[in-house]
Amino acid sequence: IPKRETKKIKHFQEVIKWGTFSLSMYICGIYKKKMSNYTNSPCAACKFLRRKCTSDCVFAPYFPPEEPTKFANVHRIFGASNVSKILQEVAPHQREDAVNSLAYEAEARLTDPVYGCVGAISVLQRQVLRLQRELEETNADLMRYASCLGSETTSAYGGRRG
């Protein structure tokens, strides 16, 4: 039996010597520890950085454990230290917006390393301009069509036929 396992066995033998009440209390203590770790799982940033997530963790409110890639992308582009500095410099009511902007920029930089979100913005601006021109052309076509219909519905005396 490995040395580590014999230590565990000796420990449990001591626990059993305490009696069944003490044993059940011990088991309940283990259960509570596991439950507390489950409910207080570290934020995505602390999990990624492999450090303990404290109650005053600056990343915890903005990088939940369910979104690990969000922090991974931000860390890859900006670095944890820079993100921490940014969050501390920004007013608390603006931090969520700042994190969302950083996450968007990081994702854009990963897909387009040269232009990032500026490339996406310019593509959208070109699309808006194209759609505006198309809308103007369609409105002009509608006006021509409406004027053609208007001239056909008038009678020889200048009045509308009904």
Side-chain angles (χ1 to χ4, degrees), residues 4 8 25-162:
R4 189 170 137 198
K8 283 183 183 179
M25 294 298 286
Y26 179 78
I27 291 171
C28 287
I30 291 174
Y31 180 73
K32 285 180 185 174
K33 279 185 185 177
K34 286 186 179 179
M35 287 302 290
S36 66
N37 287 344
Y38 179 73
T39 57
N40 295 332
S41 60
C43 67
C46 291
K47 190 180 280 188
F48 184 85
L49 298 171
R50 295 184 179 157
R51 64 183 191 190
K52 185 175 180 178
C53 191
T54 60
S55 61
D56 61 337
C57 176
V58 71
F59 298 119
Y62 314 107
F63 297 102
E66 302 86 40
E67 299 177 18
T69 55
K70 182 178 178 181
F71 179 76
N73 292 343
V74 170
H75 173 67
R76 187 172 179 186
I77 300 299
F78 299 105
S81 177
N82 290 330
V83 174
S84 175
K85 288 176 189 173
I86 289 169
L87 289 177
Q88 290 171 354
E89 290 176 5
V90 172
H93 68 278
Q94 294 177 326
R95 288 180 182 169
E96 188 172 355
D97 291 334
V99 167
N100 290 336
S101 296
L102 289 171
Y104 184 80
E105 176 65 28
E107 195 171 316
R109 284 276 169 195
L110 290 173
T111 56
D112 186 0
V114 176
Y115 295 109
C117 68
V118 173
I121 290 169
S122 64
V123 166
L124 291 172
Q125 284 176 336
R126 285 194 303 268
Q127 186 178 4
V128 165
L129 290 173
R130 184 178 52 80
L131 290 171
Q132 283 176 338
R133 279 195 308 263
E134 188 178 323
L135 180 63
E136 288 171 4
E137 290 171 5
T138 304
N139 283 335
D141 289 344
L142 282 172
M143 294 300 286
R144 280 194 300 275
Y145 181 72
S147 67
C148 288
L149 284 179
S151 65
E152 290 177 7
T153 58
T154 55
S155 66
Y157 300 107
R160 287 198 173 270
R161 291 188 292 183

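Along the sequence shown, the residues carry numbers beginning at 1.
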To check you understand the geometry: which heavy-atom pair defines the closest contact between [X] and [Y], and what is its length?
X      : Y      : value
Phe59  : Ala80  : CZ-O, 3.6 Å
Cys43  : Phe63  : CB-O, 3.3 Å
Cys117 : Ala108 : N-CB, 3.4 Å
Gly119 : Ser122 : O-OG, 2.9 Å
Cys53  : Ala60  : SG-CB, 4.2 Å

Residues forming a side-chain contact (heavy atoms from CB on, under 4.5 Å) with [X], sequence neighbours excluded:
X      : value
Ser101 : none
Pro68  : none
Phe78  : Val74, Val83, Leu102, Glu105, Ala106
Leu124 : Gln127

Only counting residues at least two apart or in another chain, list the ones meeting side chain to side chain donor-acceptor pair (under 3.5 Å) with Asn139.
none
Which residues satisfy the side chain to side chain donor-acceptor pair (under 3.5 Å) test with Arg144, sequence neighbours excluded?
Asp141
Does Tyr62 have any ring-ring contact (aromatic ring centres under 6.0 Å, His included) partners at least two apart in sequence or in another chain, and if so, which?
none
Sort and list the pairs that fulfil salt bridge (Lys or Arg N to Asp or Glu O under 4.0 Å) and have at least one residue in [range], not counting sequence neighbours.
range            : result
residues 67-80   : Glu67-Lys70
residues 88-103  : none
residues 110-125 : none

Please determine whether side chain to side chain contact (heavy atoms under 4.5 Å, CB included) holds for the pair Arg126 and Leu129, giving the CA-CA distance in whole Å, both sets of side-chain angles, and the decisive distance to 0.1 Å.
CA-CA 5 Å; Arg126 285 194 303 268; Leu129 290 173; 5.5 Å; no
Of all residues at least two apart in sequence or in a different chain, which pass the salt bridge (charged side-chain N to carboxylate O under 4.0 Å, His left out) check with Asp56?
none
The complete set of ring-ring contact (aromatic ring centres under 6.0 Å, His included) pairs with one or both residues in residues 91-130, sequence neighbours excluded, reads none
Quick check for you: to the nearest 0.5 Å, what is the distance between Asn82 atom CG and Ile77 atom CD1?
12.0 Å
